[in-house]
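Just below is one structure, and these are the notes that go with it.
To find a chain, count down the sequence lines: A is the first, B the second, and so on, and within it residues start at 1. Heavy-atom basis, side chains included; hydrogens, waters and symmetry copies ignored.
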Protein chains: 2
Amino acid sequence: MQTSIIEEVRVFNRFYTDFIGLLNQYLLDSAYSLTEARIIYEIFTAGNIQASQIMEIMHIDKSYLSRILKRLEKEGIIEKRKSIQDARGITITLSKKGRQVFEHLNRASNEQVEKLLTPLKSTEAEALAFHMKAIVKILKVHS
Amino acid sequence: MQTSIIEEVRVFNRFYTDFIGLLNQYLLDSAYSLTEARIIYEIFTAGNIQASQIMEIMHIDKSYLSRILKRLEKEGIIEKRKSIQDARGITITLSKKGRQVFEHLNRASNEQVEKLLTPLKSTEAEALAFHMKAIVKILKVHS
DNA sequence: AAATATAGTTGACTTTGTCAACTATACAGA
DNA sequence: TCTGTATAGTTGACAAAGTCAACTATATTT
């Protein structure tokens with residue numbers, strides 16, 4: 001492996017960590033933390049999901065997740081019920097309120113990305129998406 | 001702005017947040033947190049630097065930074081001295097030990113990236129670096 | 001010289017995340 | 001079927017990370 005490639009990856013990581021930080025910074029004004037928002041996203045996307053699956057997807061500690069889910073349930077964002085196939089597990093779904101919250105967060109997140117992209121020419125924006133897709137494709141196979 | 005581009009950026013952000021998390025996870029075994037490691041990196045790269053500059057580069061709270069620098073000084077990693085041009089400010093440099101710590105962290109970080117890239121064919125790795133460079137170029141101008 | 005701004009420090013606090021112990025259920029093998 | 005082991009989730013106790021406001025000291029502006 002060439003060291004120049006490793007170096008480029010590290011340059012990119014520093015740069016993109018900042019970029020994501022910049023994006024997220026504004027979303028943090030919402031009532032939900034980034035982790036919560038991501039959890040809500042995963043539940044929405046899956047339709048219904050097991051807590052253990054969220055753990056696996058997000059590489060998040062189970063006690064931490066458990067507490068977050070407890071809070072979200074208390075706020076009426078999610079519903080938990082015993083899993084039918086496995087009585088140890090709980091199946092989680094978004095409540096109606098939860099879906100509304102998701103829509104709100106989703107819109108805010110779209111707007112945030114859009115704002116950061118507006119200075120770009122449309123050809124640049126398209127190129128950006130192209131390069132991103134390519135990176136995901138390269139890295140995804142091997143993880 | 002096309003919604004498909006926004007969506008692709010968001011897909012990428014989720015994916016890459018995970019990827020960076022994966023990378024960093026192992027570095028956390030070191031005696032230094034990610035933020036500390038990044039601060040050490042910035043001091044090394046700049047040669048000598050003002051605390052306020054680190055704040056600006058890293059978008060980090062000044063009280064938080066102040067405390068981290070205090071700790072690093074106590075451990076003999078950095079040296080602080082009153083800035084010559086501005087007596088309010090402090091100029092920070094790495095001590096000899098600090099440079100050793102940097103080299104260690106730097107090597108560990110390189111190895112970590114390398115490990116994640118080994119499954120890639122060399123053409124893929126090169127393509128990866130190419131796409132990364134392109135993204136930085138597109139986004140950098142406008143920030 | 002007075003008012004205002006900037007650099008950094010400190011105290012008090014909140015949020016985020018971790019670790020180990022525990023309960024309950026599932027599963028695999030003797 | 002009993003036994004041991006693994007998995008799902010919860011809880012308590014704690015540690016790490018980050019924030020906010022007040023403060024000192026110096027610089028800058030008017």
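The CD1 atom of I92(B) sits 13 Å away from the P atom of dA7(C) (whole-angstrom rounding). Separating the CZ atom of R71(B) from the C1' atom of dT10(C) is a distance of 15 Å, rounded to the nearest angstrom. For the pair I60(A) CD1 and dT15(C) C1', the computed distance is 14 Å after rounding to whole Å. Rounding to whole angstrom units, CD1 of residue I49(A) and C1' of dG9(D) are separated by 15 Å. Between the CD1 atom of I54(B) and the C1' atom of dA7(C) there is a distance of 13 Å, given to the nearest Å. A straight line from NE2 of H59(B) to C1' of dT19(D) spans 17 Å, rounded to a whole angstrom. Remark: P of dG18(D) and CG of L69(B) are 14 Å apart, rounded to the nearest angstrom.
Residue-level contact check: T35(A) touches the backbone only, with heavy atoms under 4.0 Å from sugar-phosphate atoms and none from bases.
Between the side chains of S83(B) and Q85(B), at least one donor-acceptor pair of N or O atoms lies under 3.5 Å.
By the 30° and 60° cut-offs, the orientation of the rings of F12(A) relative to Y16(A) is parallel.
Using a 4.5 Å cut-off on side-chain heavy atoms (C-beta onward), N106(B) and R10(A) make contact.
When distances run from any side-chain atom of S52(B) to the nucleotides dG9(D), dC19(C), dG8(C), the shortest one goes to dG8(C).
The nearest heavy atom of DNA chain D to R67(A) and to I90(A) marks one nucleotide each, and the one closer to the 5' end goes with I90(A). In terms of position along DNA chain C, the nucleotide closest to D61(B) lies nearer the 5' end than the nucleotide closest to the other residue of the pair D61(B) and I68(A).
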Can you tabulate the close N/O pairs, meaning under 3.5 Å, that link protein atoms to atoms of nucleotides 1-4 of chain C?
none

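Put simply, K70(B) has a side-chain N or O that comes within less than 4.0 Å of OP1 or OP2 on dT10(C). Considering only side-chain N and O atoms, S33(B) lies nowhere under 4.0 angstrom from the phosphate OP1 or OP2 of dA16(D).
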Q: Going 5' to 3' through nucleotides 22-30 of chain D, assign each nucleotide B (protein heavy atom under 4.0 Å from a base atom), S (under 4.0 Å only from sugar-phosphate atoms) or - (no protein heavy atom that close).
A: ---BBS---
